[in-house]
Amino acid sequence: RSSKTKEANKAIVTFGGSDPNNLTQKTADILGNKAFYILGPLYGEGRKDQLLLTVSPENIINAPVDTYSYLASCPCIITALGTTLQEVELLQVPCFIIANYKHDITDFEAIKDCSTNPKNYENCIYFKENFAEKITDFVIKNQKNVNSQIYDAETHNLQAVTRWLDLLR
């Protein structure tokens, strides 16, 4: 990875390449500009245009090559089950999971049980349930203790490698 500095003093919302249930928009309808939204490469221009009616352009990160540095510098992450959880586990950033499918809840419990820090996984809720209050409380709670974290790739990558080596021992 290149040594870029990223600053993300708000929650990061990321639901993968295509976001099949448009959880990005559902979350944006609740949080608005209180979060940054990472859009996957298959999110689609039509849905992005709709998102721009709710969120200002400076809060949208469109299909970045390097999502890791954004996740490393944010106070908390809102995502679905997927590869982002590997980075959550490595970075030890608090995470709120919105499940695309009911059976994801069972998978979430298994992931939480295997985690080196289960407290990082605040909650998992099925997207058809009302999650507005829970997600708002989660963001407020995690925003309180963060002024602005700046991510330096070289320093953070060294910390990440050290953490992985500790896990392997």
Side-chain angles (χ1 to χ4, degrees), residues 1-101 104 108 120-153 156-157 160:
R1 297 189 190 272
S2 61
S3 184
K4 296 179 183 175
T5 299
K6 304 286 185 198
E7 187 176 335
N9 57 358
K10 301 188 233 187
I12 293 283
V13 175
T14 178
F15 291 106
S18 65
D19 187 5
N21 290 310
N22 204 7
L23 299 179
T24 301
Q25 183 67 58
K26 290 172 175 56
T27 306
D29 290 342
I30 297 165
L31 297 177
N33 288 315
K34 293 178 184 153
F36 290 111
Y37 301 85
I38 296 179
L39 306 183
L42 301 176
Y43 190 72
E45 287 301 316
R47 291 197 300 169
K48 182 179 173 186
D49 291 342
Q50 284 298 116
L51 186 62
L52 285 166
L53 298 175
T54 308
V55 177
S56 62
E58 54 270 4
N59 289 315
I60 295 176
I61 303 161
N62 197 36
V65 174
D66 176 23
T67 60
Y68 185 86
S69 58
Y70 290 101
L71 300 177
S73 66
C74 72
C76 58
I77 299 168
I78 300 162
T79 190
L81 289 182
T83 57
T84 299
L85 293 184
Q86 294 171 10
E87 292 170 312
V88 166
E89 185 66 22
L90 177 65
L91 297 168
Q92 300 292 300
V93 177
C95 181
F96 190 106
I97 297 171
I98 302 174
N100 274 298
Y101 311 102
D104 286 348
F108 165 76
N120 269 359
Y121 301 96
E122 295 282 329
N123 207 341
C124 181
I125 193 162
Y126 182 48
F127 86 95
K128 289 187 178 179
E129 296 175 27
N130 184 359
F131 57 85
E133 186 176 331
K134 286 184 179 184
I135 205 166
T136 302
D137 290 347
F138 171 75
V139 169
I140 290 169
K141 174 184 153 192
N142 287 291
Q143 197 67 36
K144 277 184 187 176
N145 300 324
V146 175
N147 291 327
S148 176
Q149 299 177 31
I150 296 179
Y151 167 77
D152 175 68
H156 201 277
N157 286 345

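Counting from 1, the numbers follow the sequence of the chain as shown.
When all heavy atoms of A99 and Y126 are compared, the closest pair comes out as O-CD1, 3.6 Å. For V93 against C76, the heavy-atom pair with the smallest separation is CG1-CA, 3.7 Å.
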Side-chain atoms of residues 51-61: list all donor-acceptor pairs with protein atoms under 3.5 Å, sequence neighbours left out, distances to 0.1 Å.
residue: T54; atom: OG1; partner: Q25; partner atom: NE2; Å: 3.1
residue: S56; atom: OG; partner: N33; partner atom: OD1; Å: 3.1
residue: S56; atom: OG; partner: E58; partner atom: OE2; Å: 3.0
residue: S56; atom: OG; partner: N59; partner atom: ND2; Å: 3.1
residue: N59; atom: OD1; partner: K10; partner atom: NZ; Å: 2.7
residue: N59; atom: ND2; partner: N33; partner atom: OD1; Å: 2.7

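Each of T14, I30, I12, L31 was evaluated against I78; a single residue qualifies, L31, per the side chain to side chain contact (heavy atoms under 4.5 Å, CB included) test.
Within the model, atoms CG of L91 and OG of S69 stand 10.0 Å from one another, a figure rounded to the nearest 0.5 Å. I98 contributes atom CD1, which lies 4.0 Å from atom CZ of F15 (distance to the nearest 0.5 angstrom).
By the side-chain hydrogen bond (donor to acceptor under 3.5 Å, both in side chains) test, E129 is found to be paired with no residue, residues two or more places apart in sequence or in another chain being considered. Every residue was checked against the side-chain hydrogen bond (donor to acceptor under 3.5 Å, both in side chains) condition with D137, not counting sequence neighbours, and none meets it. In this structure Y101 satisfies the ring-ring contact (aromatic ring centres under 6.0 Å, His included) test together with H103, sequence neighbours excluded. For V88, the side-chain contact (heavy atoms from CB on, under 4.5 Å) partners at least two apart in sequence or on another chain are I77, T84, L85, C95, Y121. Remark: K134 engages F96, N123, I125 in a side-chain contact (heavy atoms from CB on, under 4.5 Å) (not counting sequence neighbours). Shown here are the side-chain hydrogen bond (donor to acceptor under 3.5 Å, both in side chains) partners of Y37, two or more places apart in sequence or in another chain: there are none. Partners of T24 by side-chain hydrogen bond (donor to acceptor under 3.5 Å, both in side chains), not counting sequence neighbours, listed by chain and number: D19. For A63, the side-chain contact (heavy atoms from CB on, under 4.5 Å) criterion is met by P41, not counting sequence neighbours.
The closest side-chain heavy-atom distance from C74 to F36 is not below 4.5 Å.
Screening residues 40-52 for side chain to side chain donor-acceptor pair (under 3.5 Å) gives N22-Y43 as the qualifying pairs, with residues at least two apart or on separate chains.
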Take L81 and I97 through the side chain to side chain contact (heavy atoms under 4.5 Å, CB included) test and state the conclusion after the steps. CA-CA 7 Å; L81 289 182; I97 297 171; 3.9 Å; yes

